[in-house]
Number of protein chains: 2
Amino acid sequence: MSAEEESASLAPQIQNSPNTATSKVTIYDIAHAAGVNASTVSRALGKKGRTAPRTQKLIEDIATELGYRVNPFARALPTGRTYLLGLIVGNVVDPSFLDVIRCAESTATAHGYNLILVGTPEAPEKEIATIQRIKGGVDGLILADPLMCDDQLREMSRDTPLVVIDRQTEGIPCVVPDVKKGVREAIRGLRENGHRKVAFVSGARDSWMSTRIGAEVQDACEWSGMEAIGIPSREPTVEGGRLTARNVVASGATAVLTCNDLLAIGLMQELQAASITVPDRMSIVGFGDAVGSVYTTPQLTTVRWNRGQTGTNAINLLVEILDASGTPARAVHLDTEVVIRGSIGRQNNAPSWLEVEAHD
Amino acid sequence: MSAEEESASLAPQIQNSPNTATSKVTIYDIAHAAGVNASTVSRALGKKGRTAPRTQKLIEDIATELGYRVNPFARALPTGRTYLLGLIVGNVVDPSFLDVIRCAESTATAHGYNLILVGTPEAPEKEIATIQRIKGGVDGLILADPLMCDDQLREMSRDTPLVVIDRQTEGIPCVVPDVKKGVREAIRGLRENGHRKVAFVSGARDSWMSTRIGAEVQDACEWSGMEAIGIPSREPTVEGGRLTARNVVASGATAVLTCNDLLAIGLMQELQAASITVPDRMSIVGFGDAVGSVYTTPQLTTVRWNRGQTGTNAINLLVEILDASGTPARAVHLDTEVVIRGSIGRQNNAPSWLEVEAHD
DNA sequence: CTGAAAGCGCTTACAG
DNA sequence: CTGAAAGCGCTTACAG
């Protein structure tokens with residue numbers, strides 16, 4: 001007896017919650033209960049103000065009482081709007097991408113959309129196939145660092161509302177970090193610390209980000225009369241970073257900037273394993289402020305921007321396009337800043353050949 | 001002229017790709033082209049074998065030629081199956097959750113489902129509200145570490161096919177790590193290293209995982225004649241870990257196990273900042289093998305299990321339930337193992353009071 | 001094996 | 001302001 005009472009009082013919000021039953025409540029049920037036509041219910045629940053205030057309220061009350069939820073698919077059929085947004089990503093290695101996803105999701109929800117997450121193999125054709133597969137079921141897409149070429153991308157965007165992140169292509173709305181600013185600041189910092197020769201570790205494939213960062217490193221170095229040396233990596237991971245260590249050392253550079261933090265972390269590990277002290281003998285600057293860049297010893301100096309903002313802005317841009325179709329493609333640039341941590345230092349021990357050259 | 005040729009050859013797969021046009025191809029278009037009824041098209045494309053081999057092939061050919069894609073919403077309406085699965089997560093701080101998401105997505109795709117990701121505020125009612133909002137649009141749900149009570153969970157699962165991860169509740173299908181095994185191994189390892197007093201840093205709220213780990217630490221310590229001391233944290237993050245350092249030291253324990261790796265990392269940082277050497281003066285064992293646990297110095301010893309398997313198994317379980325409704329609730333236990341890294345060591349410098357006690 | 005028909009739950013001109 | 005009707009694209013008994 002008392003047990004029954006207890007179980008009854010344990011979950012009152014469930015017992016009382018409207019329509020616990022599995023049966024689906026439709027607008028016809030509401031129409032019936034309210035004594036109006038289903039179309040009136042549709043109007044009352046949808047475009048407000050097209051219905052008499054009294055009926056409006058009556059219908060709304062009945063709807064909540066019955067626990068009515070619009071069937072999104074039934075709605076999608078006549079309207080063509082699914083209120084689903086797709087986020088398509090390749091092989092994301094960087095864990096800070098979780099921020100992008102999380103913020104994209106919450107922003108989508110705030111706009112009344114749901115986010116469907118789709119992974120795609122890292123190959124242009126697969127990417128296109130994935131998009132084809134998915135696009136019929138969503139109102140718009142966000143493409144993270146897509147591999148397809150510019151023309152394919154533009155072709156796609158004629159077909160489907162779409163926003164690209166971490167890549168800028170003429171004619172396509174996108175969200176990218178302000179690479180130039182970040183790199184310039186980083187290079188300036190290195191110069192002030194006496195560095196004159198900087199290595200740049202690029203990503204395996206020529207992603208927009210890697211290419212962009214490399215170009216800006218080149219540019220910034222030229223501007224400040226420094227030498228820049230490009231060093232490719234095999235993969236944009238910690239392991240890939242380790243593998244570049246030899247080449248980085250062999251390059252004769254005293255500082256190195258990598259196109260992402262994982263590379264920087266791997267590089268640091270490998271250098272330390274070879275007793276090459278960081279930053280005394282090699283300064284390291286990462287890019288992206290990945291989770292984990294503060295766990296290293298020394299902590300990693302890196303070019304940071306708000307990854308969450310990437311997700312938020314991408315969704316906002318997409319929703320904007322969806323709402324007012326015909327919006328011109330817009331590029332959102334996210335501010336970057338250099339976070340100075342322990343991995344960079346003064347270049348004191350100029351190698352002798354440098355002085356020799358100076359005498360030439 | 002040559003430029004035109006070039007642009008034409010640049011993206012042949014696009015030019016040739018079937019139905020580049022935006023217009024939607026329906027089964028009626030195919031039916032018209034094939035000279036059959038739409039219902040026949042539906043059968044040919046859907047349940048195979050219910051149509052003459054010749055018509056079958058004819059229809060399939062026309063379908064691919066026209067670039068037909070089934071409209072998932074039109075299908076969902078009569079069948080009630082959306083081929084959408086929801087993954088509902090609270091405030092996920094651990095970046096290794098990206099593995100869960102990624103594997104869940106790819107497994108869902110392999111089964112012909114798409115994954116919709118939904119974040120929810122960390123409060124039982126909000127959680128339930130989120131589920132209510134979402135459940136009409138998906139075939140089933142995966143709940144990551146939900147906050148609602150057991151009864152609410154069971155109530156929900158009557159309503160909607162659902163699988164829970166990182167929590168075990170009687171009557172609910174779930175995927176959890178084998179906590180007992182991992183903790184036992186860890187404690188045994190500590191004992192063999194001479195430790196006799198172990199602190200356990202729990203999560204802020206009593207998540208199933210934290211509670212479970214704590215209980216097993218207690219149990220394992222009793223079994224091996226060791227002392228276990230529980231220390232709550234304010235939040236299950238790096239910062240939260242830092243804040244527990246004082247209490248951990250004050251506890252007199254020589255080793256500490258935390259309910260996740262972030263706590264362990266923060267704790268290590270704070271101890272080191274106070275010149276308390278790890279592992280010489282304090283051994284640390286994490287839980288979860290989070291990204292970043294290998295970036296610390298020393299690297300973190302932790303209880304690991306395959307996070308990706310969590311996502312994979314959860315989806316498999318859910319799809320299994322969806323396919324054969326009426327399957328009994330099943331709990332999948334993922335194997336765990338202790339990964340020994342530098343953060344644990346021998347307890348050599350037994351404090352004097354220990355010896356004093358021994359003489360008592 | 002195939003066609004004609006009804007229906008899934010909603011929206012939206014079109015009348016009134 | 002409201003109702004009756006048609007239609008979104010598909011599926012599935014039901015006949016034949």
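Note that this is a predicted model, so its numbers are computed, not measured. To find a chain, count down the sequence lines: A is the first, B the second, and so on, and within it residues start at 1.
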task = Grab the CG-P distance between B:N37 and C:dA6 for me, whole Å please.
result = 14 Å
task = Indicate yes or no: does A:E320 engage A:R330 in a salt bridge with an N to O separation below 4.0 Å.
result = yes
query = Is there a side-chain contact between B:I59 and B:T40 (heavy atoms, below 4.5 Å)?
reply = yes
request  = Verify salt bridge (charged side-chain N to carboxylate O under 4.0 Å, His left out) between A:R154 and A:D159, making sure each step is shown before the conclusion.
outcome  = CA-CA 9 Å; A:R154 278 188 283 263; A:D159 217 3; over 6 Å; no
inquiry  = Expressed as a whole number of angstroms, how long is the span from B:F73:CZ to C:dT11:P?
reply    = 15 Å
query = Can you check the B:R69 CZ to D:dC10 P distance for me, whole Å?
reply = 13 Å
ask   = If you draw the axis of the six-membered ring of A:Y83, does the NZ or CZ of A:R81 fall within 45° of it and under 6.0 Å from the ring centre?
value = yes
ask   = Within the side chain of B:E122, is there an N or O that forms a donor-acceptor pair under 3.5 Å with the backbone of B:G90?
value = no
remark   = Rounded to whole Å, NE2 of B:H32 lies from P of C:dG3 at a distance of 14 Å
key: Phosphate OP1/OP2 of D:dT11 contacted by B:S42 side-chain N/O (<4.0 Å)   = yes
task = Can you tell me the distance, in whole Å, between the OH atom of A:Y68 and the C1' atom of C:dG9?
result = 7 Å
ask   = Once you round it to whole Å, what is the distance between P of C:dG9 and CG of A:L66?
value = 14 Å
query = How many Å lie between CZ on A:R81 and P on C:dT11, as a whole number?
reply = 13 Å
request  = From the options D:dC8, D:dC1, D:dT11, select the nucleotide whose nearest atom is closest to the side chain of A:P78.
outcome  = D:dC8
inquiry  = Rounding to an integer number of Å, can you tell me how far B:N71 CG sits from D:dG7 P?
reply    = 18 Å
query = Who does C:dA13 pair with, Watson-Crick or G-U, both distances under 3.5 Å?
reply = none
inquiry  = Here's a test of your reading of the structure: between B:Q56 and B:L77, which maps to the more 5' nucleotide of DNA chain C?
reply    = B:Q56
inquiry  = Quick check on C:dT12: is either OP1 or OP2 less than 4.0 Å from any side-chain nitrogen or oxygen of A:T79?
reply    = no
message = Would the base of D:dA4 count as contacting A:S39 through its side chain, where contact means a donor and an acceptor less than 3.5 Å apart?
response = yes
task = Examine the base of C:dG3 for any acceptor or donor lying under 3.5 Å from a partner atom in the side chain of B:R43, and report the outcome as yes or no.
result = yes
inquiry  = OP1 or OP2 of D:dT2 versus the side-chain N and O atoms of A:T51: is any pair under 4.0 Å?
reply    = yes
query = Is there a donor N/O on one and an acceptor N/O on the other, under 3.5 Å, for the side chain of A:Y28 and the base of C:dC8?
reply = no
